[in-house]
Amino acid sequence: MGIRAGERRDRRDRREPSGPQAWPTTEAEAVALQERLRDAADLTAEGPAPDQVRTVAGVDVAYADGGGLVAAAVTLDAATLDVVEESVHVGRTDFPYVPGLLAFRELPSVTAALDGLAHRPDVIVCDGYGIAHPRRAGLAVHLGVLTGLPCFGVAKTPFLFDFAQPGRERGSFSPLTIEGEEVGRALRTQDGVKPVFVSVGSGIGLEHATALTLRLAPTYRQPETTRRADHLAGRHLAASGQG
DNA sequence: GCGACAG
DNA sequence: ATCTTGTCGC
């Protein structure tokens, strides 16, 4: 039944042998890995400007009861926003949702879905945070390091940072800060709607991540990458019985 | 010490 | 995340 938030489990309780690359199964191991990933992220690259991005992939996960899940990856043409290809992975997770450790719950299945794509996208957009994270190692940092691709996050709700409301017009933004350090932006993608929260993961700077997010969200609050992946995962979960 | 806390 | 109907507005 997996571990629960706040629960510890020592080595001999694991079912999998503990190799050097073993995926963490306890909170302590997960935190230790994040502290190494934080240093492996490329936070200096400007990354591709929107005009240089040909394809961009969105990833998301839909959950059933008991740990069952469907991860989806959808690649879009960055210029037209047409779907180029889709991939789903039906699996499960035993890692619980713990704020700050979301990557350990979602990424194994997300990477499996990405592996199902025939072509590597130029950029990946996550549903969650990058460096706007207590250890600067959110989902997008983790996935960027794992894939070696430019990666950033677009989240829907605030996490652990300070920010002021941006102007009401599409394109307005304000900084997300942690102890005075800028870790992302609250970005208004449509006039008068709640802002989304953009933070880089690895291999792309905040300027390009912001510009690409706006380009990916011409009509709705969330970028089309996230919407497409969200819908694909949900559709597939419903079709596969559970939900 | 007790909450709050991406999805 | 997920559970869920109608409803206000363009």
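Numbers restart at 1 for each chain; the letters A, B, ... are given by sequence-line order, proteins then strands.
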J.: Atom OG1 in A:Thr147, atom CZ in A:Arg120: separation rounded to 0.5 Å?
T.: 6.5 Å

J.: Dot-bracket for DNA chain C, 5' to 3', with Watson-Crick and G-U pairs under 3.5 Å, [ ] for crossing pairs and | for other-strand pairs: what is it?
T.: ..........

J.: Rounded to whole angstroms, how far apart are CG on A:Leu107 and P on C:dA1?
T.: 16 Å

J.: Are A:Val88 and A:Val83 joined in one hydrophobic group, where the rule is that I, L, V, M, F, W and Y side chains link up if heavy atoms are under 4.5 Å apart?
T.: yes

J.: For A:Leu101, report the nucleic acid contact type (base, sugar-phosphate, nothing); a contact means any heavy atom under 4.0 Å.
T.: base

J.: Is a donor from one side chain sitting under 3.5 angstrom from an acceptor on the other, for A:Glu106 and A:Tyr63?
T.: yes

J.: With a 4.0 Å cut-off on heavy atoms, is A:Ala62 in touch with a base, just the backbone sugar-phosphate, or nothing at all?
T.: sugar-phosphate

J.: Does A:Pro134 reach a base, just sugar-phosphate, or nothing at all? Heavy atoms under 4.0 Å.
T.: nothing

J.: What do the steps show when you test A:Ile124 against A:Val56 for side-chain contact (heavy atoms from CB on, under 4.5 Å), and what is the final call?
T.: CA-CA 6 Å; A:Ile124 297 173; A:Val56 53; over 6 Å; no

J.: A:Asp127 has an atom CG; how far is it from atom C1' of C:dA1, in whole Å?
T.: 10 Å

J.: A:Val125, A:Val84: one ILVMFWY side-chain cluster at the under-4.5 Å cut-off?
T.: no

J.: Establish whether A:Trp23 and A:Leu37 are linked, either directly or via other cluster members, by ILVMFWY side-chain heavy-atom contacts under 4.5 Å.
T.: yes

J.: Quick check for you: name the first and last nucleotides of DNA chain B, 5' to 3', having an atom under 4.0 Å from a heavy atom of chain A.
T.: B:dC5 to B:dG7

J.: Under 3.5 Å, is there a donor-acceptor pair linking the side chains of A:Arg105 and A:Thr93?
T.: no

J.: Atom OG1 in A:Thr226, atom CD in A:Glu224: separation rounded to 0.5 Å?
T.: 9.5 Å

J.: Tell me: CG of A:Leu237 to C1' of C:dT2, nearest whole Å?
T.: 11 Å

J.: How would you label the contact of A:Gly153 with the nucleic acid (heavy atoms, under 4.0 Å): base, sugar-phosphate, or nothing?
T.: nothing

J.: Can you tell me how the ring of A:Phe197 sits relative to the ring of A:Phe163, calling it parallel under 30°, perpendicular over 60° and tilted otherwise?
T.: perpendicular

J.: A:Asp94 has an atom CG; how far is it from atom C1' of C:dA1, in whole Å?
T.: 16 Å

